[in-house]
Novice: 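Please read through the structure below; I'll follow up with questions.
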Amino acid sequence: GGPVLVKAITGGPDGSNISTLVVNGSRVTFTAFTPATGVELWESDGTSAGTAISVDAIPGFVGSSPQYVTYVGPAVFFWSTADTLKPKRLWKKT
């Protein structure tokens, strides 16, 4: 078959601006935007029910804008900052 929509994270004309897709086994980790969280880390198992925000590193609408997402074993590492005046910070989720 053809492609199918997994989940519409944010509706409307602007969408979720999904990027930085990283595969780990049967899951994919990616960044996505919502008005409530800003750009944060999400995970999906390929189903709508299995697609959800994974890390809300900086709660609120500003977001943490994760970058350089990579897996080391089961842990996901990334760096981010919500304020360009602050230094980048290394984050880890197991």
Side-chain angles (χ1 to χ4, degrees):
V4 296
L5 177 65
V6 174
K7 184 171 189 161
I9 294 171
T10 300
D14 294 332
S16 300
N17 199 23
I18 294 172
S19 65
T20 315
L21 282 87
V22 179
V23 176
N24 187 24
S26 62
R27 301 192 63 77
V28 63
T29 299
F30 57 94
T31 60
F33 168 83
T34 71
T37 65
V39 178
E40 292 291 355
L41 210 58
W42 286 66
E43 282 187 335
S44 179
D45 64 0
T47 68
S48 182
T51 302
I53 194 165
S54 171
V55 177
D56 190 359
I58 300 175
F61 66 91
V62 174
S64 63
S65 300
Q67 297 183 20
Y68 300 104
V69 178
T70 190
Y71 276 91
V72 178
V76 62
F77 288 84
F78 60 96
W79 66 256
S80 72
T81 182
D83 182 342
T84 56
L85 299 176
K86 294 180 182 175
K88 305 286 191 256
R89 296 183 177 120
L90 181 64
W91 298 79
K92 174 185 170 186
K93 180 188 181 244
T94 54

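Just so it is clear, the model here is predicted, and its values are computed rather than measured.
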Novice: Residues two or more places apart in sequence or in another chain: which of them pass side chain to side chain donor-acceptor pair (under 3.5 Å) with Ser26?
Specialist: none
Novice: Can you name the side chain to side chain donor-acceptor pair (under 3.5 Å) partners of Asn24, sequence neighbours left out?
Specialist: none
Novice: Any ring-ring contact (aromatic ring centres under 6.0 Å, His included) involving residues 46-67? Give me the pairs, sequence neighbours left out, ordered by first then second residue.
Specialist: none
Novice: Verify the cluster assignment for Val6 and Trp42: are they in a single hydrophobic cluster under the rule of side-chain heavy atoms below 4.5 Å apart?
Specialist: no
Novice: Could you check Leu90, Val22, Val55 and say which one makes a side chain to side chain contact (heavy atoms under 4.5 Å, CB included) with Phe78?
Specialist: Val55
Novice: Please give me the minimum heavy-atom distance between Ser64 and Ala57, naming the atom from each residue.
Specialist: OG-CB, 3.7 Å
Novice: Would you please name every residue forming a side chain to side chain donor-acceptor pair (under 3.5 Å) with Lys93, sequence neighbours left out?
Specialist: Ser54
Novice: Test: salt bridge (charged side-chain N to carboxylate O under 4.0 Å, His left out). Region: residues 46-58. Which pairs qualify, not counting sequence neighbours?
Specialist: none
Novice: Taking distance alone, no hydrogens or angles, what donor-acceptor pairs closer than 3.5 Å link side-chain atoms of residues 67-77 to residues at least two apart or in another chain?
Specialist:
{"residue": "Tyr71", "atom": "OH", "partner": "Thr29", "partner atom": "OG1", "Å": "2.3"}
{"residue": "Tyr71", "atom": "OH", "partner": "Glu43", "partner atom": "OE2", "Å": "3.2"}

Novice: Taking only residues at least two apart or on different chains, which pairs with a member in residues 29-40 satisfy salt bridge (charged side-chain N to carboxylate O under 4.0 Å, His left out)?
Specialist: none
Novice: Return the minimal non-hydrogen interatomic distance between Ser80 and Trp91, and the atom names on each side.
Specialist: OG-NE1, 3.1 Å
Novice: Please tabulate, one pair per line, all N/O donor-acceptor pairs under 3.5 Å involving side-chain atoms of residues 30-37, not counting sequence neighbours.
Specialist:
{"residue": "Thr31", "atom": "OG1", "partner": "Ser19", "partner atom": "O", "Å": "3.1"}
{"residue": "Thr31", "atom": "OG1", "partner": "Ser19", "partner atom": "OG", "Å": "2.9"}
{"residue": "Thr34", "atom": "OG1", "partner": "Thr37", "partner atom": "N", "Å": "3.1"}
{"residue": "Thr34", "atom": "OG1", "partner": "Thr37", "partner atom": "OG1", "Å": "2.6"}

Novice: Could you name each residue pair satisfying ring-ring contact (aromatic ring centres under 6.0 Å, His included) that touches residues 3-25, not counting sequence neighbours?
Specialist: none
Novice: What residues, two or more places apart in sequence or in another chain, satisfy side chain to side chain donor-acceptor pair (under 3.5 Å) together with Thr51?
Specialist: Ser44
Novice: To the nearest 0.5 Å, how far apart are CD1 in Ile58 and OG in Ser65?
Specialist: 8.0 Å
Novice: How close do Ile9 and Ser16 get, counting heavy atoms only, and between which atoms?
Specialist: CB-OG, 3.2 Å
